Amino acid sequence: MPLRVHDTRRREKVDFTTMNPGVVNMYVCGVTVYDLCHLGHARCYLAFDLIHRWLEKSGYDVNYVQNFTDIDDKIINRAIETETDWRELVEQNINSYYRDMDSLNILRADKYPRCTDFVDEMIDITSDLIDKGHAYAAEDGVYFSVESAPEKYGQLTGQSIDAVRSGAGGRVGDSGSGKRDHKDFALWKSAKPGEPTWDSPWGEGRPGWHIECTAMSMDSFGAQFDIHGGGHDLLFPHHEAEIFQGECHTGCSPVVHHWLHNGFVNIDGEKMSKSLGNFWTIRDIVEKVDPLVLRFSLINAHYRSPIDMNEQLLKDAQKNHSRLVDVYKAALELMGVNCPPLPHGDVQSAIPLVRSVGLLEKMAQGFAVAMDDDFNSREACAKVLGALREMSKMLSTLEGDDLGAYAVHCVEWLEDTAGSVLGVLPTREQVLAEPEEDPRKAQIADKVEELIEQRSIARSSKDWAKADAIREELALMGVVVTDTAQGPIWDLV
RNA sequence: GCACGGAUGUCAGAGCGGCUAUGAGCGGGAUUGCAGAUCCUGAGACCUGAGUUCAAAUCUCAGUCCGUGCUCCA
């Protein structure tokens, strides 16, 4: 089953191919580091983390490059507002980025180039584009002339240049910029007073936004590469601009073989935006829920679909994730040593163990098929959840060596799917570690133990009214009691 | 206006020509004094209209509604 991916430019699922056999060069647009990362960033880098992981699982050697945009209007403005040196602001936010993404179990890219390290390259490309007649210097900077390569227009958005021409109107003059045409975009911006600047053939200034990705992807991969990713919103104009710049500069086309774009995050049905006040940072959420639960909730939709984040979604994810961890934990605790190997699986078998092993194999195949189908993590999650039910049932019915061997199989199965691919499994150590005692628990432990003892006495004499009354009393203290085969256990709500 | 993407049970969300996921919620059952957890099981859906086909949620056409982009944005 070959890997198929949805390519934005071709607008359909295509067989995934690479320029060099076995190697994938992947560039994903990174963040502009002027603030903390929000849920939208999480979704984006999570999507490409899954893609990264699955490509590696499929045997590719992945070179994953993700940039930081470390100079930009927003950074300059924020630095002024907060009276911080812009370099310091950048460092802070890059550190936050790593911390947030690490918490979500997002594997690091191989390289994180920063655009300020590539100003010379951007100047070279810009000069070359001027020489080739694709760009021109104006009063306030250098612009790319979109009309110089009209055949490249609209490859990602499907807009025809004629449609845009006819609808253009007289907006150009109003903007006050030196653009000759409103479709043109800046390659170099002349310095304004007080801004960080670099020297260039066109005077002091700084690079335009779009050119940085061209410079950095070229630096890592050359004129063409396999995957370019980013948020849906970058389609236009950012990625369109990259096609213009890159292809006009190098003469190679297409610059990108597979364009992958992730969908957006809505909050309670509305677009997440600062003006609506429904802006969730990763840090905010991770304070309330386990980061792996957040991760689970976000991969529980296809990466291209919009996702609506809300309490219910997190609650569902919480529940499913607990099931996953519970089964994993049970399997870890039941793992046998030196057990005889499991029989070969056969879904038709009348022997439960044989049948179950067969079912798990089938679900593992289904998992792979799902991931091969444009990284369908939702479907892949469904396979894992299906497997959990099967495992849970078998782990409570098998005995002896069968149980030990089956538990080992479950552990491996889960680590191979939910673990290394989906990245939602905690480590073995985390799962088996005794939970850290909440200091509040210690304070009330004696009182609680005493009440539970009374309740046990009441229960053994079938005084249900009294038993329930004690449970009520405990509930008022914020304590929940659960009766298990090993006796009652308690915890804070 | 132009472009792109959607419309699937109560909700979330896969499938994209024949076999109707998955989860939450709800109904029944097992276990339990009850609750919780777990397992078994049930009900319940493919926006509208037309067409293609032996067969359509799945393909084609038309329509309706929704989202997003066309300005910085993951």
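Letters A, B, ... mirror the listed sequences (proteins, then strands); counts begin at 1. Since the structure is predicted, the reported quantities are computational estimates derived from the model, not experimental observations.
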Original post:
Taking only N and O in the side chain of A/Thr157, is any of them less than 4.0 Å away from OP1 or OP2 of B/G69?
Top reply: no
**OP:** Could you state the atom-to-atom distance from CG of A/Leu385 to P of B/U22 in whole Å?
**Re:** 10 Å
Original post:
What's the CD1-C1' distance between A/Ile76 and B/C72, to the nearest Å?
Top reply: 13 Å
Original post:
Any ion pair linking A/Asp346 and A/Arg355 (charged N to carboxylate O, less than 4.0 Å)?
Top reply: no
Subject >> Base-pairing string, 5' to 3', of RNA chain B - Watson-Crick or wobble, under 3.5 Å, | interstrand >> reply: (((((((..(((.....[...))).(((((.......)))))....(((((..]....))))))))))))....
Original post:
When all nucleic acid strands are considered with a 4.0 Å heavy-atom cut-off, which category describes A/Ser392: base, sugar-phosphate, or nothing?
Top reply: sugar-phosphate
Subject >> Closest-nucleotide ordering on RNA chain B, the 5'-leading residue of A/Ala467 and A/Ala382 >> reply: A/Ala382
**OP:** Record whether the side chain of A/Arg459 comes under 3.5 Å of the base of B/G33 through a donor-acceptor pair of N or O atoms.
**Re:** yes
Original post:
What integer distance in Å separates A/Leu359:CG from B/U22:P?
Top reply: 12 Å
Original post:
If you look at every strand shown and take non-hydrogen atoms under 4.0 Å, does A/Leu235 touch a base, only sugar-phosphate, or nothing?
Top reply: nothing
Original post:
Any side-chain N or O of A/Lys462 under 4.0 Å from OP1/OP2 of B/C34?
Top reply: no
Original post:
Just checking, A/Lys441 and A/Trp490: is the charged tip under 6.0 Å from the six-membered ring centre and within 45° of the axis?
Top reply: yes
Original post:
To the nearest Å, how far apart are A/Phe185 CZ and B/C72 P?
Top reply: 12 Å
Original post:
According to a strict under-4.0 Å criterion, is A/Arg389 in side-chain N/O contact with OP1 or OP2 of B/U38?
Top reply: no
Subject >> Whichever of A/Leu388 and A/His41 has its nearest RNA chain B nucleotide further upstream toward 5' >> reply: A/Leu388
**OP:** Please state how far atom CD1 in A/Ile489 lies from atom C1' in B/A37, giving the value in whole angstrom units.
**Re:** 9 Å
Original post:
Among residues 205-215 of chain A, which contact RNA chain B at a heavy-atom distance under 4.0 Å?
Top reply: A/Trp209
Original post:
If we take the C1' atom in both B/C70 and B/C54, what is their distance in whole Å?
Top reply: 47 Å
Original post:
Which part of the nucleic acid, if any, lies within contact of A/Val265, taking any heavy atom under 4.0 Å across all strands shown: a base, the sugar-phosphate backbone alone, or nothing?
Top reply: base
Subject >> Distance-only donor-acceptor test (3.5 Å): side chain A/Asp72, base B/C72 >> reply: no
Subject >> A/Lys74 to A/Trp86 six-membered ring, cation-pi geometry met (6.0 Å, 45°) >> reply: no
Subject >> Nearest-Å distance for atom pair CD/P, residues A/Gln486 and B/A37 >> reply: 17 Å
**OP:** Using a heavy-atom cut-off of under 4.0 Å over every strand shown, decide if A/Arg11 touches base, sugar-phosphate, or nothing.
**Re:** sugar-phosphate
**OP:** Would you mind classifying the nucleic acid contact of A/Gly386 as base, sugar-phosphate or nothing, using non-hydrogen atoms under 4.0 angstrom?
**Re:** nothing
**OP:** Remember a base hit wins even if backbone is also touched, and classify A/Arg455 as base, sugar-phosphate or nothing at under 4.0 Å, heavy atoms.
**Re:** base
Original post:
Nucleotide by nucleotide, 5' to 3', does protein get under 4.0 Å of the base (B), only the sugar-phosphate (S), or neither (-) in nucleotides 6-19 of chain B, counting heavy atoms?
Top reply: ------BSSS----
**OP:** Sticking with atom P, work out how far B/A62 lies from B/C73, rounded to a whole angstrom.
**Re:** 35 Å
Original post:
Within the structure shown, what part of the strands sits under 4.0 Å from A/Gly231 by heavy-atom distance: base, sugar-phosphate, or nothing?
Top reply: sugar-phosphate
Original post:
Contact class for A/Gly263 (heavy atom, under 4.0 Å): base, sugar-phosphate, or nothing?
Top reply: base
**OP:** Could you state the atom-to-atom distance from NE2 of A/His232 to P of B/G5 in whole Å?
**Re:** 9 Å
Original post:
CZ of A/Phe236 versus P of B/C70: gap in Å, rounded?
Top reply: 8 Å
Original post:
With no hydrogens and no angle check, do the side chains of A/His258 and A/His6 hold a donor and an acceptor under 3.5 Å apart?
Top reply: no
Original post:
Reckon A/Tyr45 touches a base, only the sugar-phosphate, or nothing at all at heavy-atom distances under 4.0 Å?
Top reply: sugar-phosphate
**OP:** Could you check whether A/Asn262 gets within reach of a base, just the sugar-phosphate, or nothing at all, counting any heavy atom under 4.0 Å?
**Re:** base
